[in-house]
J.: 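Have a look at this one.
Labels below follow one simple rule: chain letters A, B, ... track the order of the sequence lines, proteins then strands, and each chain is numbered from 1.
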Protein chains: 2
Amino acid sequence: MSISERKEREKESRRQEILKAAQRVFFRNGFEKTAMEMVAEECQLAKGTLYRYFKSKEELYVSLVQDGIEILDKMIVRELQKPLSAEEKLLAAVKAHFDFTQLYHEHFMVFKMIDVGALSGKVDQEKLDAIQRARATAFERMKNVVAEAIKRGEFKTKHRPQEIVMMLWASSFGAIMMCGEKCQQFEMFKEVDAEKFVMRIARGLIESFKTANVAEEPLSHRASPVRTKKTDKVSEVENEVNI
Amino acid sequence: MSISERKEREKESRRQEILKAAQRVFFRNGFEKTAMEMVAEECQLAKGTLYRYFKSKEELYVSLVQDGIEILDKMIVRELQKPLSAEEKLLAAVKAHFDFTQLYHEHFMVFKMIDVGALSGKVDQEKLDAIQRARATAFERMKNVVAEAIKRGEFKTKHRPQEIVMMLWASSFGAIMMCGEKCQQFEMFKEVDAEKFVMRIARGLIESFKTANVAEEPLSHRASPVRTKKTDKVSEVENEVNI
DNA sequence: TCAAAAAATGACTCACAGTCATTCTATTGG
DNA sequence: CCAATAGAATGACTGTGAGTCATTTTTTGA
């Protein structure tokens, strides 16, 4: 051990201090309304110092959620450990995902920003990959539940387990997002109990997996790019339809 | 008519010129990488002039999609006019929504930004409301289809029509988002044909509406706020579960 | 033709991300 | 104990871009 090791520990703990301060400031004011100066002040360091630990404002922000991802995974694991049927387990996992977004909604904010692409290009790919891996863990667990359910005949669907989880995941994500406070675009989503809403979708989907009378196309590989039209004007559609 | 009217026409047409130029620049470079100077240059005006027509960069950006919303509605209408069953109509509407996001994906970008909350507070509420109303139109149409389907017994669900459309809408939205290029977080979503993926979810959900063996909770009104915990640390969950 | 109103301008302010020459601190070798 | 040296911290500085506003240019109406 000794010097160089201690140095490293100290550096790491300083890093953690910065993260804690940053969390307080970012989560209080949001990403855009936070200046690096504010973070610097919160942890009693000079602005320049922050850049010795984090490459950019975005990178610092994203770093805030790396442990948040573990939390999500753990919340899901906790559900999957219980002795439940596959259907119940999946529902519990979706519920856990939902709870996570409510309990740690600032973390969820970051995920949203990532998913919308607002941070891409501004953060090290390595960091994004780490988050991806962590999220994939939770994903993998759900996949296994489905795989078993199919093997045991509890689900009759011809979808591959991965696709099933993807469907659940994407739907929940959309539902949670639409119910969020910031998404003020549809009043109606405000009048709905977000949890019930999310769970209802999940239940509906799972139901369809069990019965599997949905017409199946084979597997799904990305087709050729769709985007043919490149209009600057709102031409075509404009003229075709008259209400 | 005469002067004041002509003035108004001229003002409006200048506004349109700015919008066209802004569209070119914004859609080429994205919101963040576009400077108002660039837009000004594109339409051969001074930067200050832009601010006589639009209150802020965000406002200008959002204004770009106001006609885009009409397009979406029209694309959906076009499908709903065809002589189809309710199920087919709904699927066609979802497909139209999907096509819209692919054909006009810059418009969709703006919607995403709105829904993520990245623009809230920076744009006139009036403007956001206008967008909301326009989006609600498409929504209303789908709602009617469902209402009829329920009346005719084609759907057996006990969900209210509005809730059904919300479920479809939110799920599609999530699915489309996850499949977007910018959402690089899950490799697996890249390997999937986005259209098939979206449609599969929709089909699954609709299937569940038809059979309605999903356990129904009553109607859904937002419960009391969930957020109880306010931890700065990753305490609780951290210790409870060990993998 | 000219005064008043409206529109356009671009130099300016301000805020903030990110940099870097300088200062400070701790370690080490003599 | 005292330099010499390396590494960490600093904050003044630069660059960029949003938004403003006093001034200029254009239009209108008498």
J.: For the CZ atom of A:R78 and the CE atom of A:M75, what is their distance to the nearest 0.5 Å?
T.: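 One gets 6.0 Å once the value is rounded to the nearest 0.5 Å.
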
J.: Nearest to the B:K11 side chain among C:dA17, C:dT9, C:dA7, which nucleotide is it?
T.: C:dA7

J.: Rounded to the Å, how far apart are B:R15 CZ and C:dA7 C1'?
T.: 16 Å

J.: Please report the distance, rounded to the nearest Å, between CD in A:E41 and P in C:dC16.
T.: 12 Å

J.: Using the side-chain heavy atoms of B:K47, tell me which of these nucleotides is nearest: D:dG19, C:dA8, C:dC16.
T.: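 Closest nucleotide among those given: D:dG19.
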
J.: Determine, step by step, whether A:K57 and A:Y61 satisfy the side chain to side chain contact (heavy atoms under 4.5 Å, CB included) criterion, reporting the C-alpha distance in whole Å, the side-chain angles of both residues, the deciding distance to 0.1 Å, and the verdict.
T.: CA-CA 6 Å; A:K57 186 183 173 187; A:Y61 188 56; 5.8 Å; no

J.: Whole Å only: how far is the CD atom of B:E37 from the P atom of D:dT20?
T.: 15 Å

J.: Counting only non-hydrogen atoms, which of residues 50-60 of chain B are less than 4.0 Å from DNA chain C?
T.: B:R52, B:Y53

J.: How many Å lie between CG on A:L45 and P on C:dT25, as a whole number?
T.: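 The answer, rounded to whole Å, is 14 Å.
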
J.: Nearest-Å distance, CD (B:E32) to C1' (C:dC16)?
T.: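 One finds 14 Å between C1' of C:dC16 and CD of B:E32, rounded.
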
J.: Can you say whether the rings of B:F27 and B:H107 are parallel (under 30°), tilted (30 to 60°) or perpendicular (over 60°)?
T.: perpendicular

J.: Provide, to the nearest angstrom, the distance between the CD atom belonging to A:Q44 and the P atom belonging to D:dG11.
T.: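 The answer, rounded to whole Å, is 12 Å.
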
J.: Rounded to whole Å, how long is the line connecting atom CZ of A:R14 with atom P of C:dT25?
T.: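 For the pair A:R14 CZ and C:dT25 P, the rounded distance is 12 Å.
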
J.: Nearest 0.5 angstrom please: B:E59 CD to B:F54 CZ, how far?
T.: 8.0 Å

J.: If I take atom CZ in residue A:F31 and atom P in nucleotide C:dC16, what distance separates them, rounded to the nearest angstrom?
T.: 13 Å

J.: Only one of A:F108, A:F98, A:F139, A:F111 forms a ring pair (Phe, Tyr, Trp, His ring centres under 6.0 Å) with A:F173, so which one is it?
T.: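 That would be A:F108; it is the only one of A:F108, A:F98, A:F139, A:F111 passing the ring pair (Phe, Tyr, Trp, His ring centres under 6.0 Å) with A:F173.
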
J.: So, is the end of the B:K11 side chain (NZ or CZ) under 6.0 Å from the ring centre of B:Y53 and within 45° of the ring's axis?
T.: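 Pair B:K11/B:Y53 counts as cation-pi.
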
